[in-house]
Asks: 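If you scroll down you'll find the structure; I have some questions about it.
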Amino acid sequence: MFRLLGKLAARHRTAVIVGWILAAALLIVTAPPLDEVSSTDQRDFLPADAPFAAAQEVFERTFPAEFAASSTVILIDAGEGGDVHAPDIWAYMAKLEAYLNSDDAPENISGVAAPTTDALLADALISPDKRIALVSAAMTTPTDALQTTAAVQRIEEWLEANPPQGFAVYQTGEAGLNAQAEESTFTTIDRTLFITFALVIVALLLIYRSPVSPLIPLFSVTVAFITTVGLIGHMARLDMITVIAQVNAMIVVVMYGAGTDYNLFLISRFREEMADGVGIENAARRTVHMVGETITSSAGTIFVGFMALLFTKMGMLQSAGPMLATGIAISLLAGLTLTPALLATLGNRAFWPGKASHRSAGRYYEATSKLVSSRPLPAIIVIVALMLPFSVYGLTQQVNYDFVAELPENIPSVKAYNLLREHMGGGSLFPLNVIVTGRQAGDVPAEMIRLAGELAALPGVTDIRSLNNPLGLNNPRIGSLMRVDGQLNMIVNLASEQGGSAGLQGAADAVGGLQRYMAALVERFPEIAGDPNYTTARSIVDGGLLVLALRQNDLLDAARGLAERFAAMDDALMMPPMGDGELFADLKPLADSYLAEGGTAYRIDVILDDPLGDEAQHTVQAMRSLIAGYRGGGEAVVSGFPAVITDMATIMSSDTLRAVVFILAGIFIVLLLMLRSVVAPLYLIATVLLSFTCTLGLTALFFQVVFGMERLSWMMPIFTFVMLVGLGIDYSIFLFGRIKEEVRAHGIREGVHVAVAATGAIITSAAVILAGTFAGMITGELAFLAQMGFAVSVGVLIDAFVVRTMLDPALAALFGKWTWWPGGVPQPQDKPARALTPAAAETRA
């Protein structure tokens with residue numbers, strides 16, 4: 001097959017080149033841009049059967065008016081010692097609220113909550129120290145939808161066109177944070193692409209000392225990259241995959257790193273063939289024939305590693321696997337067809353101003369290979385002893401699921417969140433929603449109060465909001481609304497605040513409402529009919545407006561006395577009348593937001609101290625266990641962003657093990673087929689694991705010491721594992737392919753020495769290029785991509801300079817003939833091996 005591909009690429013080189021260019025152009029022109037089909041929404045990371053997904057469905061079905069697919073929050077900061085009640089700030093909030101409710105605002109805004117809307121809601125939207133105020137806009141479109149991102153941008157444009165004077169305004173919330181996370185992701189991609197280009201060019205110039213040679217891999221990989229982006233765009237438009245924005249950056253480095261490596265081996269072999277004078281077409285054909293199997297096996301291990309992610313449950317991993325595997329497959333196909341076509345077109349001009357020649361293997365690899373092949377056991381002990389402590393450290397590290405901590409601290413949405421967390425608590429931005437359905441309406445008040453009390457007692461819970469306490473447990477204006485003593489205290493507080501300012505009509509309405517309330521009270525609790533406080537209050541209310549005006553203080557004293565009596569009663573529960581004209585009519589919207597389905601379903605909002613931290617995950621698990629006893633004949637679920645993170649952490653713990661098993665099993669099969677051995681694949685995989693865990697420890701230590709990051713991103717270990725295992729096995733294939741060849745001619749130990757000396761330079765060159773491409777991610781704005789860029793760069797260099805150059809050869813020499821069990825030691829072929837030339841050392845591996 002490879003002979004045929006080489007022949008095709010060499011004879012029809014112009015058609016191959018033009019065909020690739022046309023295919024890439026057609027795909028990229030017709031496909032939607034990746035930034036339009038990408039998501040950074042953490043919900044997209046979860047499988048459809050995650051507990052959160054079921055809870056989200058119950059929430060949307062039961063409380064459709066309260067359910068928001070997404071929301072953005074505008075935070076107003078009055079500054080140190082400032083007060084958002086200042087006239088200019090209050091006027092600004094009113095102007096902002098008017099805009100969000102106007103026809104000029106984004107069409108997907110479904111509701112606006114602001115302190116200027118309702119005095120009762122103001123307390124929930126203003127921090128206790130009066131410095132911070134929130135204006136929230138609920139949206140009908142999901143967080144990662146284009147319409148949501150566009151809405152966030154339009155609001156941002158309004159804020160820029162209406163700058164605050166003397167105070168600060170930021171946009172945050174789920175939609176705001178997500179939009180700026182996407183922006184940071186694509187900034188990272190652009191920066192990574194630029195740095196990758198620069199590093200690849202510099203590395204190739206140093207390797208080839210020719211301005212032409214670097215253009216070949218850059219052109220080939222770039223065409224492959226454009227083709228891949230087009231294919232992924234079409235797959236996303238057809239809903240075949242969910243494109244995760246962070247993975248887009250990985251595609252850049254994977255394709256330019258691995259693709260350039262494939263080209264490096266192809267160009268090196270072509271240079272050898274040209275130096276031997278076989279002619280341009282023969283050189284191109286022989287290059288594919290001799291190197292094709294090696295780079296295909298190499299790409300196959302990475303492809304298997306990525307596709308093994310399909311067996312995970314996490315949506316991000318399932319999508320990332322095919323995306324990255326597609327990139328590797330296209331890179332390989334371009335390497336086997338486009339690159340040889342380019343080489344056949346250029347011939348010796350590919351090495352201008354020099355010409356094709358053989359390269360020296362280098363003294364370092366001669367000395368290293370002799371040392372490890374002659375004294376394998378000491379080399380193994382020293383290397384393992386140096387790497388193992390970092391491996392242990394890496395395996396003991398916990399990961400971070402706080403997606404806000406992954407973002408740069410200087411972007412507005414993160415600044416706003418940190419201000420909010422400091423002055424109001426982060427939980428107010430990411431509340432948990434407990435929804436209970438299928439209850440008996442008469443039992444709901446008592447059950448709601450009991451459950452709210454149990455939830456409030458859980459560790460990490462700072463506040464509870466329900467119909468009983470819609471503004472929180474510690475708000476004196478509206479508290480214990482489901483209890484009669486709470487209702488009476490509220491009447492007293494409101495009357496005290498209003499004084500005589502209610503006006504004649506307002507007072508008349510109040511009298512009617514009080515009369516009906518007192519009648520409902522004695523009907524519900526007949527035992528109070530003879531209570532002196534009740535008879536006093538009833539006589540004043542029934543006396544009409546004039547009596548009420550003259551004896552208002554007596555009425556308030558009687559209400560306080562009744563409140564004390566009801567406070568001592570456990571079952572002093574009554575749904576306050578909220579119909580039109582009733583005393584509590586203004587609270588009807590609140591009741592509708594916490595009760596549904598004719599009063600048989602209710603919800604409770606739970607505010608956590610740190611909604612994105614580890615404690616939140618424990619709290620969510622405890623809440624789920626608690627509410628399981630409230631299901632009865634209905635449902636009891638927990639929704640909200642902390643529940644998303646909890647499900648992610650739970651699923652990732654099993655997904656990581658599942659992915660590791662499938663990836664290693666797939667790679668073992670590839671190595672088994674290539675080496676015809678069981679023993680060698682086992683210790684090669686063991687060294688890959690050692691390299692990965694050592695790298696994990698070094699990365700954790702580096703980011704802790706240098707950047708003060710206590711934990712690595714939750715996505716980093718699994719993706720780094722896939723990258724390092726797949727790419728690390730690449731070099732094992734190059735090395736052991738050559739060892740297998742040299743053992744035939746020189747015996748085991750000498751064969752190992754010759755193979756390491758021969759392949760050292762080319763493996764190192766490939767590793768340096770690959771590490772350089774991933775190093776470009778370190779400059780990115782997202783912690784996950786920076787950590788993974790550092791880890792893969794360091795891991796690849798450790799793999800090339802230590803594991804593949806010293807540890808694996810030492811193991812091969814130590815195991816001797818058992819390395820090749822059960823297939824047996826490779827025997828000499830009928831035809832003598834080609835003379836060992838430096839160029840052959842590079843390309844025949």
Side-chain angles (χ1 to χ4, degrees), residues 59-60 63-78 84-85 89-128 130-141 143 148 151-152 154-156 158-159 169-177 413 416-417 419-421 423-433 463-467 469-472 475 477-478 481 586-596 603-607 611 639-641:
F59 188 6
E60 184 175 7
F63 291 92
E66 300 304 316
F67 177 82
S70 63
S71 65
T72 189
V73 175
I74 297 90
L75 181 144
I76 293 88
D77 177 21
V84 294
H85 293 94
I89 300 178
W90 201 261
Y92 185 90
M93 282 193 288
K95 183 179 179 181
L96 172 60
E97 179 196 356
Y99 160 70
L100 293 173
N101 281 312
S102 71
D103 293 337
D104 294 331
E107 295 179 355
N108 57 335
I109 292 180
S110 58
V112 179
T116 50
T117 303
D118 189 336
L120 291 176
L121 291 175
D123 289 348
L125 299 173
I126 296 176
S127 63
K130 307 297 189 289
R131 172 176 171 173
I132 300 296
L134 305 178
V135 177
S136 176
M139 298 185 184
T140 58
T141 50
T143 302
T148 303
V152 170
R154 284 180 60 184
I155 294 172
E156 197 66 37
W158 187 93
L159 296 175
V169 177
Y170 308 95
Q171 188 172 190
T172 186
E174 289 186 24
L177 284 163
S413 60
Y417 177 73
L419 276 170
L420 181 69
R421 185 168 57 180
H423 294 276
M424 296 181 71
S428 56
L429 193 63
F430 298 110
L432 284 165
N433 311 112
D463 205 0
I464 297 289
R465 295 172 186 167
S466 66
L467 182 56
N469 299 92
L471 299 183
N475 190 292
R477 298 186 67 193
I478 307 179
L481 186 59
D586 290 344
L587 299 181
K588 183 65 164 58
L590 279 176
D592 292 340
S593 70
Y594 286 105
L595 289 177
R603 73 181 179 93
I604 298 174
D605 295 335
V606 181
I607 311 301
S639 182
F641 203 78

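Below, each value reflects all heavy atoms present in this structure, side chains not excepted, and no hydrogens, waters or symmetry copies. Residue numbers start at 1 and run along the sequence shown.
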Asks: Can you name the closest pair of heavy atoms from Leu125 and Ala113 and give their distance?
Replies: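 Smallest heavy-atom distance, with atoms named: CD1-C, 3.9 Å.
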Asks: Strictly by salt bridge (charged side-chain N to carboxylate O under 4.0 Å, His left out), give each pair with a member in residues 131-140 just once, sequence neighbours left out.
Replies: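 Non-adjacent pairs meeting salt bridge (charged side-chain N to carboxylate O under 4.0 Å, His left out): Asp77-Arg131, Glu80-Arg131.
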Asks: Kindly indicate whether the side chain of Leu134, heavy atoms from C-beta on, has any atom under 4.5 Å from the side chain of Pro115.
Replies: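 Side-chain contact under 4.5 Å: no.
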Asks: Evaluate the side-chain proximity of Leu159 to Tyr170: yes if any heavy-atom separation is below 4.5 Å, no if none is.
Replies: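 In short, these two side chains do not touch, never coming nearer than 4.5 Å.
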Asks: Hey, could you give me each pair passing side chain to side chain donor-acceptor pair (under 3.5 Å) that has a residue in residues 101-114? Not counting sequence neighbours.
Replies: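 Every side chain to side chain donor-acceptor pair (under 3.5 Å) pair that includes a residue of residues 101-114, provided the two are not neighbours, is Asn108-Thr141.
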Asks: Is there a side-chain contact between Ile604 and Ile464 (heavy atoms, below 4.5 Å)?
Replies: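 Side-chain contact under 4.5 Å: yes.
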Asks: Would you name the heavy atoms of Ala124 and Leu471 that are closest together and state the gap between them?
Replies: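 Distance-wise, the nearest heavy atoms are CB-CD2, 3.9 Å.
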Asks: Which is it for Leu100 and Ile155 under the side chain to side chain contact (heavy atoms under 4.5 Å, CB included) test, yes or no, and what are the steps along the way?
Replies: CA-CA 8 Å; Leu100 293 173; Ile155 294 172; 4.0 Å; yes
Asks: What residues form a salt bridge (charged side-chain N to carboxylate O under 4.0 Å, His left out) with Glu66, not counting sequence neighbours?
Replies: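 Expected list: Arg603.
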Asks: Tell me, please, which residues at least two apart from Phe430 pass ring pair (Phe, Tyr, Trp, His ring centres under 6.0 Å).
Replies: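 Partners of Phe430 by the ring pair (Phe, Tyr, Trp, His ring centres under 6.0 Å) criterion, ordered by chain and then number, come out as Tyr417, Phe641.
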Asks: Would you give the length of the straight line joining atom OG1 of Thr116 to atom NZ of Lys95, rounded to the nearest 0.5 angstrom?
Replies: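 The NZ atom of Lys95 is 13.5 Å from OG1 of Thr116, to the nearest 0.5 Å.
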Asks: Ignoring hydrogens and geometry, is there a side-chain-to-backbone donor-acceptor pair from Thr172 to Ser413 under 3.5 Å?
Replies: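 Yes; at least one donor-acceptor contact below 3.5 Å.
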Asks: Among residues at least two apart in sequence or on other chains, which ones pass side-chain hydrogen bond (donor to acceptor under 3.5 Å, both in side chains) with Ser466?
Replies: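 So Ser466 forms no side-chain hydrogen bond (donor to acceptor under 3.5 Å, both in side chains) with any residue.
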Asks: Would you name the heavy atoms of Ala151 and Met139 that are closest together and state the gap between them?
Replies: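 Between these two residues, the closest heavy atoms are CB-CE, 3.8 Å.
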Asks: List the atom of Val112, the atom of Ile109, and the distance in Å for their closest heavy-atom pair.
Replies: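 That closest heavy-atom pairing would be CG2-CG2, 4.0 Å.
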Asks: Taking the side chain as C-beta and beyond, is there a heavy-atom pair between Leu96 and Val169 under 4.5 Å?
Replies: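 Side-chain contact under 4.5 Å: no.
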Asks: Find out whether Ile89 and His85 are in side-chain contact, i.e. whether some heavy atom of one side chain is under 4.5 Å from a heavy atom of the other.
Replies: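 Side chain of Ile89 against side chain of His85, heavy atoms only: no contact under 4.5 Å found.
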Asks: Measuring from atom CZ of Arg465 to atom CG of Asn433, what distance do you get when rounded to the nearest 0.5 angstrom?
Replies: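 Arg465 atom CZ to Asn433 atom CG measures 11.0 Å (nearest 0.5 Å).
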Asks: Please name the pair of heavy atoms, one in Pro106 and one in Tyr99, separated by the smallest distance, quoted to 0.1 Å.
Replies: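 Smallest heavy-atom distance, with atoms named: CD-OH, 3.8 Å.
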Asks: Can any side-chain N or O of Gln171 pair as donor or acceptor with the backbone N or O of Thr72 at less than 3.5 Å?
Replies: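 Here the side-chain-to-backbone pair does not exist.
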Asks: Identify the heavy atoms of Ser127 and Met424 that sit nearest to each other, and give their distance.
Replies: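 Of all heavy-atom pairs spanning Ser127 and Met424, the closest is CB-CG, 3.3 Å.
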Asks: Please list, chain by chain and in numerical order, all residues satisfying ring pair (Phe, Tyr, Trp, His ring centres under 6.0 Å) with Phe63, sequence neighbours excluded.
Replies: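 Expected list: none.
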Asks: Quick one: does Ser428's side chain get under 4.5 Å of Leu420's, heavy atoms only?
Replies: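 Yes, close enough: below the 4.5 Å cut-off.
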